[in-house]
Amino acid sequence: MPTPNDLRLCTLIRGRRLAVFAVIVLFGILTLWLTAPTAAWQFAVPRLVGQVVDANFGIGYAVTVADINRDGKTDIVAINPTQAVWYENPVWKKHVVMDGLTKKDNVCVAVHDIDGDGRLDLALGAEWMPTNTQTGGTLQWLRQPEDPTKRWEMFPISEEPTLHRIRWGDIDGDGRKELIVAPLQGRGTKPPKWEEGKGVRLLAFSVPKDPAREEWKSEVIDDSFHALHNFVVSNFDGDASEEIISASLEGVFLLDRGEGGVWKRTLVGEGNDDLETPPGAGEIKVGRFKSGKRYLATVEPWHGHQIVVYVQPSEPGTLWTRRVLDAKVKQGHALGCADFDSDGDDELVAGWREAGEAGLRPGVAMYDPQDEGWGSGRKSIVDDGGMATEDLAIADLNQDGLPDVVASGRATHNIKIYWHPGK
């Protein structure tokens, strides 16, 4: 049986051990703090604050932003199967531009001053029938009247089966933007793989002097891709013209218009390498680091489960480095890039439409790079279950110099803003 002196000795030893353990723990914490990357401690990704703009919009096929009424504030533009609308900043009053004039469904929209009168107009793709590769797919534009709260006049442009995405860009360097049009599938192709037969006709339409009455002439940029789900227009080489970066079954490609109008196609990334799921990529956006180095963000495969980034290589002409940030989303369908934590590097915002693995509900997430190779990063959930994301856009909506997010839902039928809380 231990004596009182033995007990006092045990207590003393135990106390010294606890003191030593505490010092070790404190030293470890201090070491981690001192050696951690500066960005990980100085810049915390902000927790965005959600606001419902419209709880019953229907399927929000597309959402974008622009100053529609020329008051210096950025408004929201959105389309559902039958309507094109804009929400007036800052009260977010809904104004219907068009209702029921197009063949159902509306599927894509792009904003531009088409007729040169100083007022922004809308290009609109409709008659969305993704499995009908023979007919349908209407392209039209809507002219803004003097009072943008009134109904807008609509004019036809062209037709193309499975017309799916449209964007404006100056691809020939003449200072005037062309309308770039991408169907989803090639004419006459069939499911389930869509790889046999003609490729997608990626088109560029030039705006005539009188766009309401004259024919819009077009050129074929490329017709070799299959299931071209999305693309972006961006100036990659610093010349007068913009380039196109596409995401298709064949992977991620850069398209550049050279002398004489000849297009050069360069493979950037091969897309999904999971042999158990379809190949290629579906969504595409461009992000930048404070050094000027770029990265490409994708969803892979088409309507896929992976959020992926491609890091720009140091040697031109080589494939970009592919990194999977997340492989548990379901029906990934929207991407955007902006600097939310003011560290000079763009974060990646991604949205998906359906519940995924391990109880992950449809929603929106933000991915924060901790280095320019995306070798490490942090993920934060922006919306957990309240947004079955069909599309999203990023803009400074309240003029505080910080980016906000606008998203439109599919199954949730809503339009939401996710506000930056400020510094």
Side-chain angles (χ1 to χ4, degrees), residues 54 57-71 74-88 93-130 132 135-169 176-184 201-219 233 390-391 393 406 408 415:
D54 195 333
F57 182 63
I59 298 175
Y61 274 112
V63 65
T64 189
V65 290
D67 182 6
I68 296 297
N69 58 352
R70 307 181 306 284
D71 65 351
T74 302
D75 308 301
I76 298 171
V77 177
I79 58 171
N80 61 28
T82 62
Q83 293 179 321
V85 309
W86 67 282
Y87 297 90
E88 186 175 354
K93 182 178 179 181
K94 180 179 179 179
H95 301 288
V96 177
V97 169
M98 181 279 303
D99 190 359
L101 297 181
T102 55
K103 295 181 179 179
K104 191 177 178 181
D105 288 353
N106 299 319
V107 68
C108 51
V109 65
V111 182
H112 182 56
D113 179 7
I114 294 173
D115 57 4
D117 65 356
R119 298 191 291 264
L120 291 176
D121 310 299
L122 303 182
L124 180 65
E127 200 175 6
W128 170 233
M129 297 185 290
N132 181 359
T135 61
T138 65
L139 181 64
Q140 44 269 305
W141 71 281
L142 295 156
R143 180 163 61 190
Q144 182 181 161
E146 290 187 12
D147 182 354
T149 66
K150 306 299 183 184
R151 296 300 172 94
W152 299 21
E153 191 174 5
M154 190 172 78
F155 304 93
I157 298 176
S158 186
E159 295 185 1
E160 187 72 17
T162 70
L163 189 155
H164 187 233
R165 295 285 186 259
I166 56 175
R167 302 190 189 281
W168 292 96
R176 297 188 299 270
K177 291 184 181 294
E178 289 74 43
L179 180 60
I180 317 303
V181 176
L184 178 62
R201 293 200 328 153
L202 180 62
L203 303 169
F205 285 86
S206 299
V207 181
K209 290 183 178 180
D210 187 349
R213 294 179 176 82
E214 296 180 21
E215 178 186 358
W216 290 51
K217 295 182 180 180
S218 66
E219 67 167 293
V233 181
E390 183 77 6
D391 197 14
V406 183
S408 58
I415 306 287

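Nothing here was measured: the structure is a model prediction, and the numbers come from that model. By convention here, the first residue in the shown sequence is residue 1.
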(request) Output all residues satisfying ring-ring contact (aromatic ring centres under 6.0 Å, His included) with Trp152, sequence neighbours left out; order by chain, then residue number. (result) none
(message) A side-chain contact here means heavy atoms from C-beta on lying under 4.5 Å apart; do Leu179 and Ile157 qualify?
(response)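 Leu179 reaches Ile157 side chain to side chain.
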Sequence-distant partners of [X], salt bridge (charged side-chain N to carboxylate O under 4.0 Å, His left out), two or more places apart:
| X | value |
| --- | --- |
| Glu159 | none |
| Glu88 | none |
| Arg201 | Glu160 |

Sequence neighbours excluded, which residues qualify as side-chain hydrogen bond (donor to acceptor under 3.5 Å, both in side chains) partners of [X]?
| X | result |
| --- | --- |
| Glu153 | Arg143 |
| Thr138 | Gln140 |
| Asp67 | none |

(message) Run the side-chain contact (heavy atoms from CB on, under 4.5 Å) test on Glu127 and Thr135 for me, step by step, so that the C-alpha distance in whole Å, both residues' side-chain angles and the decisive distance to 0.1 Å come before the verdict.
(response) CA-CA 10 Å; Glu127 200 175 6; Thr135 61; 6.0 Å; no
Over all heavy atoms of both residues, which pair between [X] and [Y] is shortest? Give the atoms and the distance, please.
| X | Y | result |
| --- | --- | --- |
| Val63 | Asp391 | N-OD2, 2.9 Å |
| Pro183 | Pro161 | CB-O, 3.4 Å |
| Ala62 | Cys108 | CB-CA, 4.3 Å |
| Phe57 | Ile415 | CD2-CD1, 3.8 Å |
| Val233 | Gly169 | CG1-CA, 3.8 Å |

Show the atom names and distances, to 0.1 Å, of all donor-acceptor pairs under 3.5 Å that link a side chain in residues 202-216 to residues at least two apart or in another chain.
unit_1	atom_1	unit_2	atom_2	d
Asp210	OD1	Ala212	N	3.3
Trp216	NE1	Pro211	O	3.1

With sequence neighbours excluded, tell me which residues meet side chain to side chain contact (heavy atoms under 4.5 Å, CB included) with [X].
| X | result |
| --- | --- |
| Val107 | Tyr61, Trp128, His164 |
| Asp113 | Asp115, Asp117, Leu120, Asp121 |
| His112 | Ile114, Trp168, Lys177 |
| Asp99 | Thr82, Gln83, Val96, Arg151 |

(request) Examine distances only and state if a side-chain atom of Asn80 and a backbone atom of Gly58 form a donor-acceptor pair shorter than 3.5 Å. (result) no
